[in-house]
Amino acid sequence: MPPQPLRSALCFLGHIATHAELLEVHGQESAILPFRINAGASRRLRTGLYVCAHLSESELTAAWCGGHLDCLTVLAELGLPVDDGGELHLRLARGHGRASARRRVDAPLTHAHWSRLRTPIPRLEETLHAARLGEPLDRLRVPVVEALRQAMTTCLSYAASAEVLRAMVSAGHPADELARTVASTPRRVQLALRRIGTTPPEVRHALERLTPGNLF
């Protein structure tokens, strides 16, 4: 069994925190608190930004750029049937230039998305509450439904989108949540999914309940 990564105080803050967030949680000593709690388990990524030391290169790239792992990268991590083509998909804030996603010289080829987040990244208060319940959140990735929406809109073929939906239903993902995600995609995506006719029946039925008389 591979060794488990060292846990740090930042694991309970979604694996990343700014200096201001650490001040809010831990007070004036927060800038060095992660290192005092578990030396070597945390690191300062750049001025004013701290992360867990066990992060992958993809996670470090996202954090360094001020973005989040997104789209095919998130879906592939879950073992869903997608081909990311060796690219790292990042969600960046509006105003970021594409070059900002490649500042790290060892970063893989990056596909940047600037779409507005419909499902927001958890706030610090939400992350702390979830950690207290034993269900720590991740602030380095967009939520899976957000990644799915982005992938269906820009990076997946319509047939591949239907295949991913089938895989997610098989894995136990709630059909109602998938239906809401499909309903939020552009009309062309919904029309194409209806045309190819391979959208999982559970999702089709949920869409019919969601919006009677819709495209499905």
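Residues: numbered from 1 along the sequence shown.
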May I ask you to test the [X]-[Y] pair for a side-chain heavy-atom distance under 4.5 Å?
| X | Y | value |
| --- | --- | --- |
| Glu202 | Arg166 | no |
| Leu22 | Leu10 | yes |
| Glu87 | Leu72 | no |
| Val189 | Leu193 | yes |
| Leu90 | Thr73 | no |

Requested in this report: Just do the side chain to side chain donor-acceptor pair (under 3.5 Å) check on Thr199 and Arg204 with the steps written out, would you?
Outcome: CA-CA 7 Å; Thr199 302; Arg204 290 201 307 271; 5.6 Å; no

Requested in this report: Please name the residue in the list Leu60, Leu69, Ile16 that meets the side-chain contact (heavy atoms from CB on, under 4.5 Å) test with Leu140.
Outcome: Ile16

Query - Under-4.0 Å salt bridge between Glu21 and Arg123 - result: no

Query raised in the report: With a 4.0 Å cut-off, would you call Arg141 and Glu146 a salt bridge?
Result: no

Distance (rounded to the nearest 0.5 Å) between [X] [atom1] and [Y] [atom2]:
| X | Y | atom1 | atom2 | value |
| --- | --- | --- | --- | --- |
| His19 | Glu24 | NE2 | CD | 12.5 Å |
| Thr110 | Leu88 | OG1 | CG | 5.0 Å |
| Ser42 | Leu13 | OG | CG | 9.5 Å |
| Arg139 | Glu126 | CZ | CD | 10.0 Å |
| Ser58 | His89 | OG | NE2 | 11.0 Å |
| Leu165 | Glu163 | CG | CD | 10.5 Å |

Taking atom types as modelled, is there a side-chain donor on [X] or [Y] under 3.5 Å from an acceptor on the other?
| X | Y | value |
| --- | --- | --- |
| Glu177 | His173 | yes |
| Glu57 | Thr61 | no |
| Thr181 | Arg149 | no |

Please report the closest heavy-atom contact between [X] and [Y], naming both atoms and the distance.
| X | Y | answer |
| --- | --- | --- |
| Leu207 | Ala179 | CD2-O, 3.2 Å |
| Ala206 | Ala175 | CB-O, 3.8 Å |
| Phe12 | Ala131 | O-CB, 3.8 Å |
| Cys155 | His113 | SG-CE1, 3.5 Å |
| Pro143 | Ile121 | CD-CD1, 4.2 Å |
| Tyr158 | Arg188 | OH-NH1, 3.3 Å |

Query raised in the report: Could you go step by step and tell me if Arg46 and Trp64 meet the side chain to side chain contact (heavy atoms under 4.5 Å, CB included) rule?
Result: CA-CA 7 Å; Arg46 53 182 169 81; Trp64 203 95; 4.3 Å; yes

Query raised in the report: Can Tyr50 and Leu45 be said to form a side chain to side chain contact (heavy atoms under 4.5 Å, CB included), step by step?
Result: CA-CA 6 Å; Tyr50 297 84; Leu45 186 60; over 6 Å; no

Query raised in the report: When you look at NE2 of His205, are more than 12 heavy atoms from neighbouring residues, nucleotides or ligands closer to it than 6.0 Å?
Result: yes

Requested in this report: Begin with the C-alpha distance, continue with both residues' side-chain angles, and end with the deciding distance and a verdict on side chain to side chain contact (heavy atoms under 4.5 Å, CB included) for Met168 and Leu148.
Outcome: CA-CA 10 Å; Met168 294 183 76; Leu148 176 63; 3.8 Å; yes

Report task. Take Ser115 and Arg91 through the test side chain to side chain contact (heavy atoms under 4.5 Å, CB included) and record every step on the way to the result. Result -> CA-CA 7 Å; Ser115 306; Arg91 183 75 62 98; 4.0 Å; yes

Query - Hydrophobic cluster membership, Val142 vs Leu137, 4.5 Å side-chain cutoff - result: no

Query raised in the report: Mind checking whether His15 and His54 have parallel, tilted or perpendicular rings, split at 30° and 60°?
Result: perpendicular

